[in-house]
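Reminder, nothing fancy here: chain letters follow the sequence lines and each chain counts from 1.
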There are 2 protein chains.
Amino acid sequence: MTDFIRQDSLNRITNGDLGCFKELTLAMFSGKWKINILYHLDHDGDYHFNELTRLLPRASHKMITQQLNELREDGLITKHTDKHHSITYTTYSLTPLGKSLIPILDMMYDWGKKRISDLKLDTASFPLSNKNL
Amino acid sequence: MTDFIRQDSLNRITNGDLGCFKELTLAMFSGKWKINILYHLDHDGDYHFNELTRLLPRASHKMITQQLNELREDGLITKHTDKHHSITYTTYSLTPLGKSLIPILDMMYDWGKKRISDLKLDTASFPLSNKNL
DNA sequence: CCGTATCCACACCGATACTG
DNA sequence: CAGTATCGGTGTGGATACGG
């Protein structure tokens, strides 16, 4: 759904019938690996393409490219290329717009962290207790 | 991806190898219609099933059921049934856990609202300007 | 009124191979 | 190093019909 939700939101903006502003924000980072990419670019600074592939070993080559392109289309990151002896290095950086999204990601981090610790303390009410615990 | 990201996150919690706490939070509300459902339950109070279908006319019957079930599994909402003459009325309510998610949704609303107004003011840099503007 | 079940078109994403 | 193109198994979500 990831990309679908994003395209749908973006299309509906152009048509002027976006259901809720929240949907646009969700569309910005709901793609696979996007929150991780945004986090690393904010927390660690700029990254090259191959560095990102090493940071996200479970992400395929193709997906990283795709997610980076979408983040760039949405104005959240920029890309800069540099050539050294026919070898191209690409650097990705957060834009101010991308940085403005970080507080939301930070709140999501805090909520998730608290939720996990609560679940650890209270296994009886674990939402997946009916599955495989 | 919606449900996939959620299942993946939940599975990885049980295995103890969740990549980042943010992923769990995202999994809570990244499903189709979930942020809308959560918003209405918080802002307007409890709702019956058929009221939700009227609030979300573009959502299919099936999806609303599915999303409500997932929200319930995750402990964000509760459901209560009442019978009047063989007619069953179901009421959905936010749990405290669900309410604790609202500040994040509020920030997402504000970000999206500001983003839209910025785009309206500066059409030249509209990210979709190469599509159909 | 409140769901569940089935079918089916379509979107996703990993693997692989190829360009510059 | 930094991508693009294609193929194929899998998951998603709408429509429809049916059961409680």
Q: Using a 4.0 Å heavy-atom cut-off, write out nucleotides 1-7 of chain C from 5' to 3' as B (base contacted by protein), S (sugar-phosphate only) or - (no contact).
A: SSBB-B-

Going by atom type alone, with no hydrogens or angles, which donor-acceptor pairs under 3.5 Å involve a side-chain atom of residues 102-114 of chain A and a protein atom two or more places apart or on another chain?
unit_1, atom_1, unit_2, atom_2, d
A/Trp111, NE1, B/Ser100, OG, 2.9
A/Lys114, NZ, A/Asp118, OD2, 2.9

Q | Which residues share a side-chain hydrogen bond (donor to acceptor under 3.5 Å, both in side chains) with A/Thr78, sequence neighbours left out | A | none

**Q.** By side-chain hydrogen bond (donor to acceptor under 3.5 Å, both in side chains) - contacts of A/Tyr47 (at least two apart)
**A.** A/Asp44

**Q.** Protein-nucleotide distance (B/Gln67, atom CD; D/dT12, atom P), rounded to Å
**A.** 10 Å

**Q.** Set of ring-ring contact (aromatic ring centres under 6.0 Å, His included) partners for A/Tyr92, sequence neighbours left out
**A.** none

**Q.** Which residues share a side-chain hydrogen bond (donor to acceptor under 3.5 Å, both in side chains) with A/Asp82, sequence neighbours left out
**A.** none

Q: Round to the nearest Å and state the distance from A/Asp8 atom CG to C/dC10 atom P.
A: 16 Å

Q.
In this structure, how many angstroms lie between the C1' atom of C/dC12 and the CZ atom of A/Arg6, rounded?
A. 15 Å

Q) Can you find a side-chain donor-acceptor pair between B/Lys79 and B/Thr90 that sits under 3.5 Å? A) no

Q) Expressed in angstrom and rounded to an integer, what is the separation of A/Glu70 atom CD from C/dA11 atom P? A) 14 Å

Q: Could you tell me the separation between the CH2 atom of B/Trp33 and the C1' atom of D/dT12, rounded to a whole number of Å?
A: 14 Å

(Q) Dot-bracket, 5' to 3', for DNA chain C please: Watson-Crick or G-U pairs under 3.5 Å, [ ] where pairs cross earlier ones, | where the partner sits on another strand, dots elsewhere. (A) |.||||||||||||||||||

Q. Whole-Å distance between D/dT4 C1' and A/Ile64 CD1?
A. 15 Å

Q. B/His43: what forms a ring-ring contact (aromatic ring centres under 6.0 Å, His included) with it, not counting sequence neighbours?
A. B/Tyr39

Q | For the student: nearest non-hydrogen atoms of B/Gln67 and B/Lys32, plus distance | A | OE1-O, 2.7 Å

Q: Return the value, rounded to whole Å, for the distance between atom CZ of B/Arg58 and atom P of D/dA15.
A: 11 Å

Q. To the nearest Å, how far apart are A/Met63 CE and D/dG11 C1'?
A. 14 Å

Q | A/Thr95: side-chain hydrogen bond (donor to acceptor under 3.5 Å, both in side chains) partners, not counting sequence neighbours | A | none

